[in-house]
Structures are given as C-alpha cells and as structure tokens.
*Asks:* 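Just dropping this structure here.
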Amino acid sequence: MRITQTMLQNNMLKNLYSSQAQMNKYITQINTGKKISRPSDDPVIVMKGMGYRTEVTEVEQYRRNTSEIWNWMDHTDDALDKATKAMQRIEELAVQAANDTNDKDEREAIAKEVEQLQRQLVEIANTNVNGKYIFNGTDTNVKPVEVDAEGNIVVTDTDGRNQDVNIEVSKGITFDVNMDPDKMFNKELFTNMSDFISALKSDDPNQQDEMNRALENLRKGMTDIVNTRAELGAKMNRLELIEDRLSHQEIIAKDTMMKNEGVDFEEAVMNLLTQEVIHRAALSAGSKIIQPSLVDFLR
C-alpha cells in the first residue's frame with residue numbers, strides 16, 4: 001500500500017482533532033462538574049438521571065406537604081390549648097357557683113363570665129388558617145359553629161364535617177391532618193354550657209341540682225378536649241418521624257443523582273493532564289511529518 005504525504009497529513013489532523021475533542025471534553029467536565037453536556041454523550045446516564053431527578057422532585061414536594069401539615073397542626077394545638085384553659089376556667093366558675101352561699105347577683109356575674117368564655121370557645125371552634133376552617137372536616141369553607149339572630153349557638157351539620165383532610169406525605173401514603181370536631185366542639189358541649197348559664201340565671205329551687213349536672217357534663221367536655229389534644233400530640237410525633245425519613249430520602253436521592261451525573265474531579269484532572277501530554281506528543285510528531293516537502297529536497 002502506497003503511503004502518501006497527504007495521507008500522513010490527513011491522519012495527523014484527524015488524530016489532532018480527536019485529541020482536542022478529548023481535551024475539550026475533560027475541560028468541560030471540570031468547568032461544569034457534569035459527566036455529560038448533552039444527552040447524546042451517554043443516553044444511559046441521561047435516562048437514569050431523569051428517574052433520580054423525578055425522585056428528588058417528589059421528595060421535595062412531600063417535604064413541602066409536611067410543612068403545610070405542621071402549619072395546620074400547630075394552629076390546632078394552639079386552639080386546643082386555649083380551649084382547655086377556657087374550659088378549666090368554666091369548671092372553676094362552676095365549682096364556685098355550686099356553693100349555696102352565692103346570692104343572685106353573684107350567680108349572674110358568674111353567668112356573664114361564662115357567656116364570654118362560651119363566645120371564646122365559639123371563636124376557637126371557628127379557627128381559620130389561610131382561609132380554611134380547620135375544625136370542620138373537609139368542608140373547610142364552612143363555619144363549624146354559627147350564632148343565630150337570637151343568640152343561640154348552632155353547630156353546622158355538613159357532609160364533610162367528619163371526613164378526614166388527607167395530605168400525601170409519600171408515594172401512596174397520606175396523613176390526616178384534622179381532628180374530629182365532634183370530639184371537641186360538638187353540639188353537646190355548647191348545649192351544656194347554655195344549660196349551665198340558664199341554671200345560674202334561674203330562680204328555680206332545683207337550680208343547684210341543675211348546676212351540678214352541668215358541672216359533670218362540662219368536665220366531660222373538657223376531658224374530651226384534653227384527650228383530643230393527646231391524640232394530636234401522637235400525630236405530631238408520627239409526623240416528626242415521617243419528616244426525618246423524608247430528609248434522609250432527599251439526601252440519598254441527591255447523592256445518587258450526583259454520583260450518576262457528577263464528575264470525579266480528581267479523575268477528570270488526571271485525564272486532562274494525560275490527554276495534554278498525548279496532544280503535545282502528537283503535535284511534536286506532526287511537526288516532523290509536515291516539515292519535509294518536495295521543495296525541501298529540490299533546494
């Protein structure tokens with residue numbers, strides 16, 4: 001086979017271009033920190049990367065969901081704390097009112113304070129967070145408790161009142177963020193309070209028995225609120241575990257994605273230095289090939 005000068009030059013240029021392309025590849029890797037700059041460089045890495053990125057995006061969304069749940073539960077806990085304090089004060093007043101030494105004026109004064117505490121409980125039951133009533137199940141746009149024109153307290157009865165508000169915290173796993181309103185701010189609670197107020201204002205000789213019954217009923221209502229708050233605490237503990245697991249999942253997913261797409265800088269630098277030596281050797285050899293020509297021999 002006849003080897004011509006043109007063939008030598010073409011092969012040399014082709015190899016030089018190839019060497020430069022390799023150098024450019026390693027320089028790009030070092031500059032960007034990525035193994036590839038376009039999908040055609042390695043389709044397998046790209047396909048795996050899409051899956052890892054989807055996983056990272058999902059975990060980040062789940063973590064945002066847990067933040068929303070915390071916001072909901074923190075407001076719930078705060079509301080139940082205030083409701084517990086209000087019920088404790090009502091119990092104190094009920095015990096005070098059960099004393100036979102109280103006259104009519106004293107009972108009326110107690111009744112007025114209980115009425116204010118009753119209004120406070122109505123406001124707590126209607127706690128609104130970001131435009132949503134948190135104590136009315138899935139019917140978050142409806143007030144759980146209304147006060148009619150005559151001043152009577154009416155607990156709304158809607159289809160979604162006892163339904164759970166579920167927020168997804170992992171693939172296929174949901175978390176119910178609301179508490180059952182009928183365990184806290186139910187019709188019975190407000191009826192018992194109204195009965196207690198009526199007994200305080202009544203001149204009936206049997207009013208003492210009525211107040212005693214109301215006191216027992218109010219104690220049951222306070223116990224229900226305390227138990228509901230304990231249930232909320234258990235949910236919050238579970239949410240902490242879920243949030244911790246999501247945090248670890250996010251770290252693992254990002255680390256896996258980085259290992260798939262990220263470049264090993266030490267290896268990339270060594271490859272660049274090696275390729276630079278090869279390129280310099282190719283340039284040196286090429287200069288010796290190109291230098292002689294027919295003109296040089298005709299001198």
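Reckoned from all heavy atoms, side chains included, excluding hydrogens, waters and symmetry mates.
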*Asks:* Are I153 and E146 side-chain neighbours, meaning at least one heavy-atom pair lies under 4.5 Å?
*Replies:*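 No - every pair of side-chain heavy atoms lies 4.5 Å or more apart.
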*Asks:* Hey, what do you get for CD (Q163) to CG (N178), rounding to the nearest 0.5 Å?
*Replies:*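 Spacing of CD (Q163) from CG (N178) equals 9.5 Å.
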*Asks:* Are T228 and L80 side-chain neighbours, meaning at least one heavy-atom pair lies under 4.5 Å?
*Replies:*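 Sidechains of L80 and T228: in contact.
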*Asks:* Check whether any side-chain heavy atom of Y133 lies under 4.5 Å from a side-chain heavy atom of N141, and answer yes or no.
*Replies:* no
*Asks:* In chain order, what residues pass the ring pair (Phe, Tyr, Trp, His ring centres under 6.0 Å) check against F135, with sequence neighbours excluded?
*Replies:*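 F185.
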*Asks:* Determine whether W70 and L241 fall in the same hydrophobic cluster, where Ile, Leu, Val, Met, Phe, Trp and Tyr are linked whenever their side-chain heavy atoms lie under 4.5 Å apart.
*Replies:*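 Unlinked, W70 and L241 end up in two clusters.
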*Asks:* When rounded to the nearest 0.5 angstrom, what distance separates CD1 in I251 from CG in L246?
*Replies:*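 The distance works out to 11.5 Å.
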*Asks:* Under 3.5 Å, is there a donor-acceptor pair between the side chain of T140 and the main chain of N136?
*Replies:* no
*Asks:* How long is the span from the CG atom in D180 to the CG atom in N162, to the nearest 0.5 Å?
*Replies:*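 So the CG of D180 and the CG of N162 are separated by 5.0 Å.
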*Asks:* What do the steps show when you test E231 against N227 for side-chain hydrogen bond (donor to acceptor under 3.5 Å, both in side chains), and what is the final call?
*Replies:* CA-CA 6 Å; E231 182 183 347; N227 290 338; over 6 Å; no
*Asks:* Give every donor-acceptor pair under 3.5 Å between a side-chain atom in residues 118-128 and any protein atom, sequence neighbours left out.
*Replies:*
from	atom 1	to	atom 2	distance (Å)
Q118	NE2	S194	OG	3.2
N126	OD1	V145	N	3.0
N126	ND2	V122	O	3.3
N126	ND2	V145	O	2.9
T127	OG1	I124	O	2.4
N128	OD1	G131	N	2.9
N128	OD1	K132	N	3.2

*Asks:* Return each pair, listed once, that meets salt bridge (Lys or Arg N to Asp or Glu O under 4.0 Å) where at least one residue sits in residues 48-60; pairs must be two or more places apart or across chains.
*Replies:*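 The answer is R53-E261, E58-K171, E60-K254.
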*Asks:* May I ask you to say whether D81 pairs ionically with K85, meaning some side-chain N is under 4.0 Å from a carboxylate O?
*Replies:*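 Looking at K85 together with D81, the answer is yes, because their closest N to O distance falls below 4.0 Å.
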*Asks:* Using 0.5 Å steps for rounding, measure from the CE atom of M236 to the CD atom of E243.
*Replies:*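 Answer rounded to 0.5 Å: 11.0 Å.
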*Asks:* Any donor and acceptor pair, going by atom type alone, linking the side chain of D139 with main-chain N or O of V142 inside 3.5 Å?
*Replies:* no
*Asks:* When you compare the side chain of I252 with that of T256, does any pair of heavy atoms fall below 4.5 Å?
*Replies:*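 In short, these two side chains touch, coming nearer than 4.5 Å.
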*Asks:* Decide yes or no for K220 and E188: does some side-chain heavy atom of the first lie under 4.5 Å from some side-chain heavy atom of the second?
*Replies:*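 The answer is yes, as the side chains (C-beta and beyond) meet within the 4.5 Å cut-off.
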*Asks:* Would I69 and V169 count as a side-chain contact (heavy atoms from CB on, under 4.5 Å) if you check the C-alpha gap in whole Å, the side-chain angles of each, and the deciding distance to 0.1 Å?
*Replies:* CA-CA 9 Å; I69 296 172; V169 293; 3.5 Å; yes
*Asks:* Please test R161 against D157 for salt bridge (Lys or Arg N to Asp or Glu O under 4.0 Å), starting from the C-alpha separation and ending with a verdict.
*Replies:* CA-CA 7 Å; R161 176 175 170 81; D157 185 16; 5.9 Å; no
*Asks:* Is there a donor-acceptor pair closer than 3.5 Å between any side-chain N or O of D148 and the backbone N or O of N152?
*Replies:*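 Here the side-chain-to-backbone pair exists.
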*Asks:* Just so I know, are the side chains of V154 and V147 near enough to count as touching, which here means a heavy-atom distance under 4.5 Å?
*Replies:* no
*Asks:* Would you call R219-E91 a salt bridge at under 4.0 Å N-O?
*Replies:*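 Yes.
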*Asks:* What's the verdict on side-chain contact (heavy atoms from CB on, under 4.5 Å) for L218 and F196, showing C-alpha distance, side-chain angles and the deciding distance?
*Replies:* CA-CA 9 Å; L218 290 173; F196 178 53; 4.0 Å; yes
*Asks:* First locate atom OG1 of T66, then atom CD of Q61, and finally report the distance between them rounded to the nearest 0.5 Å.
*Replies:* 10.0 Å
*Asks:* Going by an N to O cut-off under 4.0 Å, is there a salt bridge joining E92 and R89?
*Replies:*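 Yes, charged N to carboxylate O under 4.0 Å.
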*Asks:* Decide yes or no on side-chain contact (heavy atoms from CB on, under 4.5 Å) for N130 and N71, but give the supporting numbers first.
*Replies:* CA-CA 10 Å; N130 295 329; N71 181 51; 3.3 Å; yes
*Asks:* Rounded to the nearest 0.5 Å, how far apart are CD1 of I225 and CE of M184?
*Replies:* 8.0 Å
*Asks:* Considering only heavy atoms from C-beta outward, does the side chain of F175 approach that of R238 to under 4.5 Å?
*Replies:*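 Heavy-atom side-chain distance check passes, below 4.5 Å.
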*Asks:* Using modelled atom types only, decide if a donor and an acceptor are shared between the side chain of T156 and the backbone of P144 within a distance under 3.5 Å.
*Replies:* yes
*Asks:* Less than 4.5 Å apart, side chain to side chain, heavy atoms only: is that true for M179 and K235?
*Replies:*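 Side chain of M179 against side chain of K235, heavy atoms only: contact under 4.5 Å found.
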